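A short write-up of the structure that comes next.
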Amino acid sequence: MSEPRKSIHGQWSSRWAFILAATGSAVGLGNIWKFPYITGENGGGAFVLVYLVCIAIVGIPIMMAEIMLGRRGRQNPINTMGALAREAGQSQLWRLLGWSGVIAGFLILSYYSVIAGWALAYVFRAASGVFIGGTAEGVGKLFSDLTGDPERLLAWHTIFMIMTMIVVARGVRGGLEKAVRFLMPALFVLLLILVGYAMTTDAFAQGMNFLFKPDFSKISGNSILIAMGHAFFTLSLGMGAIMIYGSYVPRDTSIAKTTFLIAGADTLVALLAGMAIFPIVFANGLEPGAGPGLIFKTLPLAFGYMKGGIVIGVLFFILLVFAAWSSSISLIEPAVTWLVENHGMTRMRACAWSGIVTWLMGLGTIFSFNYWSEVKLWGKTFFDLLDYLTANIMLPLGGLFIALFSAWAMSRVASADELNIRNEWGYALWRFLVRFVTPLAVIIVFLNAIGVMK
Ligand code: TRP
């Protein structure tokens, strides 16, 4: 099978089109909503440091591996793994890796869409002016009013799912890709403005200390697992999303350089979000560990006091919705291409089916903030469990097998040819990382979290 496989989806028009799409996938709620709140829950600096180390030694090598596998396989993750396993003379069981990705994508999108719905709701709240002169208590109540109302959550979740499925139905390379080109820089500028506001509060130093001064007594084996899980989540790794996007990458694109750009932009956005949020947390006597509502309980306070707060607030939440939108499409793309390529569905039908299934599953997340808020398993609500299972277990496991496949199952010749890193040392470093460091890191973090290694 030496002839390059053709993708039914064509190719990105250029290297930049791919970078934009992949950055659009990576930068999303994970950076602005999830990173600050899990950092708050896990004690700050030490957690951030572990997360950064995971991005460097696990995230970046796996992203290169995923793009490489995608470009060589050129189909949905299930068929790609099947084809590459055949090429390498390995078992078809590797297709399971693709399967787990398709399932993880469904599961993640089902709650991702509910949270994106909160951001949509906040566009209108910001516009109404309710944040002006708000207190921490008042803003907190606005948030609990929203999450306590399943019908409103359902309405916003439905709208967001429809938005996502429309873009996916039209093919990922349509309008949203073009929009991402200027929306991402705009989001970046707004974050800078918010960091500027945070500097004017008297808790800026305290916020920075919390984020960047590691106190290792505050983290446990479980926090380390959460930090690693988040490195996968935030870079969209471990489930085939980047593999699918990689399948449209032109042959002459440097996978390594592209990966550095994407991971760099993604990390920067997360750190800026943290720098904007924690000073506000401390300036208002709020809890850093306030949980999933953290940004919705803090940023409105900034919008309520800064000049032009209404306009900035509306713009911020609109951009957050766009960031979530360009991520959500990549969560469902593997499932849709699988239905099209393996089950002969039209793209339209495939979208309708996967959209409906995901939408229904979203009900579980909606209810875990109200009707089922007291229903807990291992101290976790349905939403917490779903998030834990996907981000901290399925994605790292997916990543582990992606590393094992690209460094052990696939031949050195094949990966060197596909990655085409000109610098020999660069290739050797990548191979060393995916062969040994990444798999060991994932295994050790897992064992450590379940308490085997005390
Ligand atoms: N990376 C996105 C974020 O941080 C979420 C996301 C999109 C994702 N596609 C993914 C996470 C695939 C895991 C796998 O918001």
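For the numbers below, each heavy atom of this structure counts, side chains included, while hydrogens, waters and symmetry mates do not. In each ligand, atom 1 is the first atom listed, and ligand 1 is the first ligand listed. Nothing fancy with the numbering, it's 1 onward along the sequence. Predicted, not measured: the structure shown is a model, and the values here were computed from it.
- Backbone and side-chain nitrogen or oxygen atoms of Ile108 are examined, and none is located within less than 3.5 angstrom of a nitrogen or oxygen of ligand 1.
- Ranking the protein heavy atoms by distance from atom 4 (O) of ligand 1 puts Ala26 O, 3.0 Å first.
- Between Trp408 and Phe401, the ring centre distance reaches or exceeds 6.0 Å.
- The side-chain tip of Lys34 points at the ring of Phe233 from less than 6.0 angstrom away and within 45° of straight on.
- When Ala391, Ser236, Gly105, Gly398 are checked for heavy-atom proximity to atom 7 (C) of ligand 1, Ser236 turns out nearest.
- For a threshold of 3.5 Å applied to N or O pairs, the pair formed by Leu29 and ligand 1 contains at least one separation below that value.
- Each of the atoms 13 (C) of ligand 1 lies under 4.0 Å from some heavy atom of Leu395.
- Remark: Arg125 qualifies as a cation-pi partner of Tyr122 under the 6.0 Å distance and 45° angle criteria applied to the six-membered ring.
- Checked by atom type, the side-chain pair Ser25/Ser236 shows a donor-acceptor distance below 3.5 Å.
- The nearest heavy-atom contact from the protein to atom 15 (O) of ligand 1 is Tyr112 OH, 2.5 Å.
- Relative to atom 11 (C) of ligand 1, the option among Phe35, Trp33, Tyr245, Phe233 with the closest non-hydrogen atom is Phe233.
- Neither the backbone nor the side chain of Asp266 comes within contact range of ligand 1; no heavy atom lies under 4.0 Å.
- Looking only at atom types and distance, the side chain of Ser223 has a donor-acceptor partner in the side chain of Asn42 under 3.5 Å away.
- In this structure, a donor-acceptor pair under 3.5 Å is present between the side chains of Thr158 and Trp359.
- For the pair Arg95 (side chain) and Asn79 (backbone), a donor-acceptor distance under 3.5 Å is absent.
- Scanning all protein heavy atoms for the shortest distance to atom 10 (C) of ligand 1 gives Leu331 CD2, 3.3 Å.
- Counting atoms of ligand 1 from 1 in the listed order, those under 4.0 Å from a heavy atom of Ser327 are 2 (C), 7 (C), 9 (N).
- Side chains of Ser373 and Asn370: no donor on one and acceptor on the other come within 3.5 Å.
- Looking at ligand 1, you won't find any N or O of Met239 less than 3.5 Å from one of its N or O atoms.
- Using bins of under 30°, 30° to 60° and over 60° for the plane-to-plane angle, the ring pair Phe369/Phe383 lands in the tilted bin.
- Distance from atom 9 (N) of ligand 1 to its nearest protein heavy atom, with residue and atom name: Ser330 OG, 3.0 Å.
- Considering Gly24, Ser25, Gly30 only, the shortest heavy-atom separation from atom 2 (C) of ligand 1 involves Ser25.
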